[in-house]
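All ligand and atom numbering here is 1-based and tracks the order in the structure. Predicted, not measured: the structure shown is a model, and the values here were computed from it.
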Amino acid sequence: MMAAKLNKAIGLNSALKAEDFKSLGKNTSLVLLCHQRPDGDALGSLLGLGLWLRSLGLSAHLLCPDAYPKNLSFLPQSSELAILEYQPTHWESMIEGADLVVLLDHSRRDRGGASAAKALQKRTGPVWMIDHHPEPESFDKSLHRISASSTCELVCELLHKEKLTTEMATALMCGLLTDTGGFKHAVRSETFQAAARLLDSGVNYPELSTQIFDTNSLQSLKLTGFALKDRLQQHPDLPLAWMVLNHKDVLDYKIESGDTEGLVNYTLSIEGNKMGLLFQEKDPGITRISFRSKGDCVVNQMAERFFSGGGHKNAAGGRYEGTAEEAEAFFLSIISEQFA
Ligand SMILES: [Mn+2]
């Protein structure tokens, strides 16, 4: 009885299957929604699942809360993605009134931004969810596994018996590649099984990997050089390195979102390190912090407890009200106990 109650509370008694989508009537109005500041996995799962639904003859709206990074606009059919914040009233009423809403790559109703959260709250119809982030809310149906590398891997699981076109497979491979940093972390055997199947569905892997990873601008590469030379610090006693980009750095290097993508990973590439951080003060007095870690070194709890953030065990984000240097000093004051 207890177990059944618990399962109901976390939505495990209603595992989402491909058949659930296939049994929808052709006139069903569907909205697929990813999380704010969408990344490769958010867009990949949105397009991968969305294109498959359309191949069934269903008309699915593929919705991002806000604009996606330019370097992902190569994804097949990305012009089909709608941006909620460009037409908030229209999309809020769509989220509220659609026959079915599916959340992708997030499992808490506030992760799609305030506008989507408001509409989801008013909504009385079903909401389904496919995601791999910890601590999901309850949904009418869901496919949720923290152990999965990516939401795209879960979409592959959902569609394991379905035929995938090259476009669907390319979108899904994008999520596998980006959420694992090029198959470097968070992988399990199912990840490679999914990747093998996507390759067999026609993905041009060298081209895709170039489009995803070889996208530095000259400016962002020079910023990387500066950050490595002048801003990278190693803790004297702990397996930990970090970089601080203050507001002056942001202005000097004209840092835009995307320019610092991947920068934090250098902190973990130092032999023996288990944790790495990047502090960035994009707006004066507000510092965003990226946390990365390896193995059993967990960062999402710290991000949540001290930096109003969250995320995965080994990759999280947060913020601090203060300059980058103040955020750094606060972090250093609390960090010893994390390694105690
Ligand atoms: Mn993801």
- Message: If I compare all heavy atoms of Asp249 with all of Val244, which pair ends up nearest, and what's the gap?
- Response: OD2-O, 3.8 Å
- Query: Taking NZ, NE, NH1 and NH2 as the nitrogens, is one of them in Glu321 or Arg319 under 4.0 Å from a carboxylate oxygen of the other?
  - Reply: yes
- Are a donor atom and an acceptor atom from the side chains of His133 and His312 found within less than 3.5 Å of each other? yes
- Query: Looking at Asp179, which of its N, O or S atoms is the nearest one to the Mn ion (ligand 1)?
  - Reply: OD2
- With no hydrogens and no angle check, is any side-chain donor or acceptor of Arg197 less than 3.5 Å from a backbone partner on Asp200? no
- Task: Step by step, work out the salt bridge (Lys or Arg N to Asp or Glu O under 4.0 Å) result for Lys141 and Asp20.
- Result: CA-CA 9 Å; Lys141 281 182 188 292; Asp20 294 314; 3.7 Å; yes
- Got an N, O or S from Asp39 under 2.8 Å of the Mn ion (ligand 1)? no
- Query: How is the N/O/S atom of Asp105 that comes nearest to the Mn ion (ligand 1) named?
  - Reply: OD1
- Query: Is the distance between the Mn ion (ligand 1) and the nearest N/O/S atom of His132 smaller than 2.8 Å?
  - Reply: yes
- Query: If you look at Asp41, which of its N/O/S atoms is nearest to the Mn ion (ligand 1)?
  - Reply: OD2
